[in-house]
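In what follows, a single structure is set out as structure tokens and then discussed.
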Amino acid sequence: MGNILLAETRYDGRHLTGTDVERSVKTLKDIRSIFSDSEAGRKLPDEQVIYEVESYLPVPSGTLGGLFFGITFIHPGRVGDEYFMTRGHFHQIQDRAEYYWCIAGEGALLLMDQQRNTWTEKMYPGSLHYIPAGVAHRTANTGSGVLSFGACWPADAGYDYERIDREGFSKILVRKEGIPTLIDRPTR
Ligand code: F6R
Ligand code: ZN
């Protein structure tokens with residue numbers, strides 16, 4: 001191929017591979033407190049895997065103008081009636097947007113603005129989601145298989161997890177009569 005370089009990192013439509021790909025795993029013990037039903041949470045094993053992320057971070061975090069790329073895999077399951085989901089975050093720099101696109105499975109993207117209005121977008125293979133700047137985002141697996149989705153976001157966006165840890169989303173996604181339903185978060 002002459003002087004055409006081969007990319008070290010590959011995305012085969014499902015997984016990221018290559019030496020620069022970072023992997024992280026979140027088990028229930030890491031994120032138990034994000035689920036509303038703490039009694040149901042205590043009954044599930046510490047090591048229950050909730051989600052995994054493969055990411056390609058080709059520039060240092062904080063690089064102005066850089067882009068990051070990641071694939072998230074959320075396992076199927078519920079804590080009580082609440083679907084397995086990601087921790088969720090605002091970006092540290094508020095005016096940083098992001099793209100998500102669903103690769104496999106069924107789910108919901110929960111979005112919450114600065115006024116704590118929460119809404120959802122259905123995720124299904126091929127669905128594309130633009131997460132506007134200043135909007136917190138969390139994903140939940142509402143199906144019976146793994147939900148996987150891609151993400152692309154600015155390298156300087158950063159994560160504000162603390163605000164979600166402290167205040168949560170204003171609504172939670174639960175299974176009600178077999179249907180994913182957004183309800184007000186019960187007060188603890
Ligand atoms: C990056 C982004 C995703 C999430 C991933 C895990 O800005 O939104 O790559 O980081 O889906 O979710 P969190 O980060 O909320 O644990
Ligand atoms: Zn994000």
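Computed from a predicted model, the values in this text were never measured in an experiment. Ligands are counted one by one from 1 in listed order, and the atoms in each one are counted from 1 as well. If you read the sequence from its start, that first residue is 1, and numbering goes on from there.
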> Taking all non-hydrogen atoms of both residues, which atom of Glu167 and which atom of Arg185 are closest, and how far apart?
Replying inline: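 Nearest pair, atom of Glu167 first, then Arg185: O-NH2, 2.9 Å.
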>> Ignoring hydrogens, what is the shortest heavy-atom contact between Gln92 and Tyr159? Give both atom names and the distance.
In response: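 Smallest interatomic distance, heavy atoms only, reads OE1-O, 2.8 Å.
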>> Could you list the cluster mates of Tyr99? Members are the ILVMFWY residues connected by side-chain heavy atoms closer than 4.5 Å, either directly or through other members.
In response: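 Tyr99 clusters with Tyr11, Leu16, Val21, Tyr56, Phe69, Ile71, Phe73, Trp101, Ile103, Leu128, Tyr130, Val146.
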Near [X] [atom1], under 6.0 Å, is it more than 12 heavy atoms from other residues, nucleotides or ligands?
X      : atom1 : answer
Arg14  : CZ    : no
Gln114 : CD    : yes
Lys176 : NZ    : no

>> Just so I know, are the side chains of Pro186 and Ile172 near enough to count as touching, which here means a heavy-atom distance under 4.5 Å?
In response: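 In contact.
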>> Given a heavy-atom cut-off of 4.0 Å, could you list the residues near ligand 1 in chain and number order?
In response: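 Protein residues near ligand 1 are Tyr51, Val53, Thr72, Thr86, Arg87, Gly88, His89, His91, Glu98, Tyr100, His137, Phe149, Ala151, Trp153, Tyr159, Tyr161.
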> Does Glu177 have any salt bridge (Lys or Arg N to Asp or Glu O under 4.0 Å) partners at least two apart in sequence or in another chain, and if so, which?
Replying inline: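 Counting only residues at least two positions away or on another chain, Glu177 forms no salt bridge (Lys or Arg N to Asp or Glu O under 4.0 Å).
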>> I want to verify a count. Protein N, O or S atoms less than 2.8 Å away from the Zn ion (ligand 2), how many are there?
In response: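 Number of qualifying protein atoms: 4.
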>> Is it the case that the side chain of His137 and the backbone of Val135 share a donor-acceptor pair, with hydrogens and angles ignored and the cut-off at 3.5 Å?
In response: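 Between the backbone of Val135 and the side chain of His137 there is a qualifying donor-acceptor contact (under 3.5 Å).
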